[in-house]
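Notes to accompany the following structure.
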Amino acid sequence: MKYFLAKTEPSGYSIDRLEKDRVTSWNGVRNPQAVNFLKSMQKGDMVFIYHTEGQSCIVGLAEVIGNGRVDPIDAKSYLVDMKFIKKFKEPFVTLKQIKQTGKFKDFRLVRQSRLSVMDVPEEYLPELKYLGLDLD
DNA sequence: GCCAACGTTGGC
DNA sequence: GCCAACGTTGGC
């Protein structure tokens, strides 16, 4: 089981919306590198949901529930079905905090600010838990 | 709302 | 296939 992170603008699609929907097809990603990460997702993998408006922060967790597929209405885009797992308790873990620890220097979230879907290497999980993410 | 950094497009 | 011009993302 692997971890990923997917960004979204909450005014477009928020964690609250995912909680209501329960299940969604994560879509609208066209950047080739981000699409590759979507393609590497497998059933059972976990996805941190990250909001990019206002204070950038990790707001929740979703789980991949099936194989991805090319978006039927946009061949350059790729879809992955996922279900709501949880919304983290506030205060959310922010990008600022993540940068301040100094332990995420090679994390794509820090290195490639415009990448909207990425892997979260296992080595970062303990530090994310330490910052307050409840992964149980 | 600005703008740096990055990605994409299209003319050559 | 290069690269200038343009468009977009996301942090601030």
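Throughout, a chain's letter reflects where its sequence line sits, starting with A, and its residues are numbered from 1. Below, each value reflects all heavy atoms present in this structure, side chains not excepted, and no hydrogens, waters or symmetry copies.
Not one side-chain nitrogen or oxygen of A/Ser56 sits closer than 4.0 Å to the OP1 or OP2 atom of C/dG10. Contact between the side-chain N/O atoms of A/Lys99 and the OP1/OP2 oxygens of C/dC12 is found at a separation under 4.0 Å. A close approach under 4.0 Å does not occur between any side-chain nitrogen or oxygen of A/Tyr50 and OP1 or OP2 of C/dT9.
Using a cut-off of 4.0 Å between Lys/Arg side-chain N and Asp/Glu carboxylate O, A/Lys76 and A/Asp71 are scored as not salt-bridged.
Distance from the side chain of A/Thr52 is smallest to C/dG11 among C/dG11, B/dG7, B/dT9.
Summarising the geometry, the separation between CD on A/Gln97 and P on C/dC12 is reported as 13 Å, rounded to the nearest angstrom. In this structure, A/Gln33 atom CD and C/dT8 atom P are separated by 20 Å, rounded to whole Å. The CG atom of A/Leu115 sits 9 Å away from the P atom of B/dG7 (whole-angstrom rounding). Atom-to-atom, CD of A/Gln112 to C1' of B/dA4 comes out at 16 Å; the value is rounded to the nearest Å. Atom NZ in A/Lys76 sits about 9 Å away from atom P in B/dT8, given to the nearest Å. In this structure, the CZ atom of A/Arg111 is 19 Å from the P atom of C/dG10, given to the nearest Å. Across the protein-nucleic acid pair, A/Asn36 atom CG and B/dG7 atom C1' stand 15 Å apart, rounded to whole Å. Going from atom CD1 of A/Ile98 over to atom P of C/dC12 covers 11 Å, rounded to whole Å.
At the heavy-atom level, A/Lys96 lies nowhere under 4.0 Å from the strands shown.
Put simply, the side chain of A/Tyr3 does not reach to within 4.5 Å of the side chain of A/Leu128, judged on heavy atoms.
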- [ ] Show your working on side chain to side chain contact (heavy atoms under 4.5 Å, CB included) between A/Gln33 and A/Gln112 and close with a plain yes or no.
- [x] CA-CA 11 Å; A/Gln33 197 184 356; A/Gln112 291 177 262; 2.8 Å; yes
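In this pair, A/Phe107 and A/Tyr124 present their aromatic rings tilted. The plane angle is within the 30 to 60° band.
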